[in-house]
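What you see is a predicted model; the values in this text were computed from it and never measured.
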Amino acid sequence: KAGVTQTPRYLIKTRGQQVTLSCSPISGHRSVSWYQQTPGQGLQFLFEYFSETQRNKGNFPGRFSGRQFSNSRSEMNVSTLELGDSALYLCASSLEGVDYTFGSGTRLTVV
Amino acid sequence: AQKITQTQPGMFVQEKEAVTLDCTYDTSDQSYGLFWYKQPSSGEMIFLIYQGSYDEQNATEGRYSLNFQKARKSANLVISASQLGDSAMYFCAMRGGYSGAGSYQLTFGKGTKLSVIP
């Protein structure tokens, strides 16, 4: 089966800009979660979407937002980028909260 | 609140030997799940093995086994017959923190960097 697809793989943005990352889950999976990975903070939960609704949100500022479309594809948006937003952003799709499958991630660099 | 502790920042193992990566967890949930993921330098998180809190048998998946000791709140990963391709970061994670509406989140440890020596 096709895995979780994240685009783009790499991104370089300037402070103050905004960015949109995309995640296509495994076919049939309706839950998509997003995680931020940095060397200092490790892996932190951003939010989870299920059937186009945000069900859960981590402790991140409002500059981080997301949405999910009717085909379960999800996007996350970060506005007014800061240097500290440089990270690997991973998304995971899940069917029943047991089989979390991750994508390859988007590596965002803010300069 | 959930917490995962991985006390080994880095480990070395000889090729073909077995290695144990430690993971302890803390939760007040009665129902939870424990995962191990492998992350090579490319960044992708690769699922290795899962153990449910009510599973009585230790989980096994090929060369991976999970040594689950519920009373001690530990979930150590054992890799048998290490291969050069096993060199990577390994993360222990727990599914818990039910937020309502059927939603959970994964809490990760800081990871262990495993290096396999030829």
Side-chain angles (χ1 to χ4, degrees), chain A residues 1 3-6 8-11 21 23 26 29-60 66 68 86-109, chain B residues 1-10 23 25 27 29-55 59 61 66 75 88-113:
Chain A
K1 60 181 179 181
V4 178
T5 302
Q6 289 189 248
R9 286 297 309 276
Y10 301 92
L11 209 48
L21 313 182
C23 174
I26 289 172
H29 285 193
R30 291 191 292 168
S31 168
V32 174
S33 315
W34 289 88
Y35 291 82
Q36 181 196 63
Q37 185 178 23
T38 60
Q41 299 298 317
L43 282 141
Q44 294 183 286
F45 171 74
L46 280 158
F47 30 65
E48 187 234 0
Y49 285 87
F50 183 88
S51 293
E52 302 179 63
T53 301
Q54 185 183 88
R55 290 201 302 192
N56 199 357
K57 189 178 188 327
N59 188 24
F60 278 82
Q68 187 179 34
S86 295
L88 178 66
Y89 290 89
L90 291 159
C91 84
S93 79
S94 172
L95 184 61
E96 297 289 344
V98 172
D99 54 343
Y100 292 89
T101 303
F102 283 82
S104 298
T106 293
R107 202 171 290 274
L108 171 65
T109 303
Chain B
Q2 331 289 313
K3 186 176 180 182
I4 295 282
T5 302
Q6 294 181 254
T7 57
Q8 307 151 314
C23 171
Y25 61 91
T27 181
D29 292 345
Q30 295 301 308
S31 175
Y32 51 89
L34 295 157
F35 301 78
W36 276 92
Y37 286 91
K38 171 185 177 181
Q39 187 178 45
S41 56
S42 59
E44 182 180 6
M45 296 288 279
I46 301 168
F47 168 78
L48 296 177
I49 199 166
Y50 168 80
Q51 178 88 37
S53 58
Y54 294 118
D55 295 340
E61 290 281 354
L66 198 152
M89 284 291 290
Y90 287 80
F91 291 94
C92 180
M94 177 167 59
R95 183 201 73 230
Y98 184 67
S99 73
S103 179
Y104 296 88
Q105 65 187 68
L106 292 179
T107 300
F108 287 85
K110 295 292 187 186
T112 295
K113 184 174 182 180

Would you say the side-chain atoms of A:Y100 pair up with the backbone N or O of B:F35, donor to acceptor, closer than 3.5 Å? no

Spatial distance of atom CD (A:Q44) from atom CD (B:Q105) [nearest 0.5 Å]: 10.5 Å

Interatomic distance, CD@B:Q39 vs CG@A:L90, rounded to 0.5 Å, equals 6.5 Å

To the closest 0.5 Å, what do you measure between CZ (A:F102) and CE (B:M45)? 5.0 Å

By a 4.5 Å heavy-atom criterion (distance strictly below it), what part of A:F47 contacts chain B: side chain, backbone, both, or neither? neither

A:Q41 portion near chain B, given a 4.5 angstrom heavy-atom threshold: backbone

Among all residues two or more places apart in sequence or in another chain, which pass the side chain to side chain donor-acceptor pair (under 3.5 Å) test with B:S42? none

Less than 4.5 Å apart, any side-chain heavy atom of B:Y37 and any of A:L43? no

The criterion is side chain to side chain donor-acceptor pair (under 3.5 Å); which residues satisfy it with A:E52, sequence neighbours excluded? none

Between A:R107, A:Q37, A:R9, A:Q6, the one whose heavy-atom pairs under 4.5 Å with chain B are most numerous: A:Q37

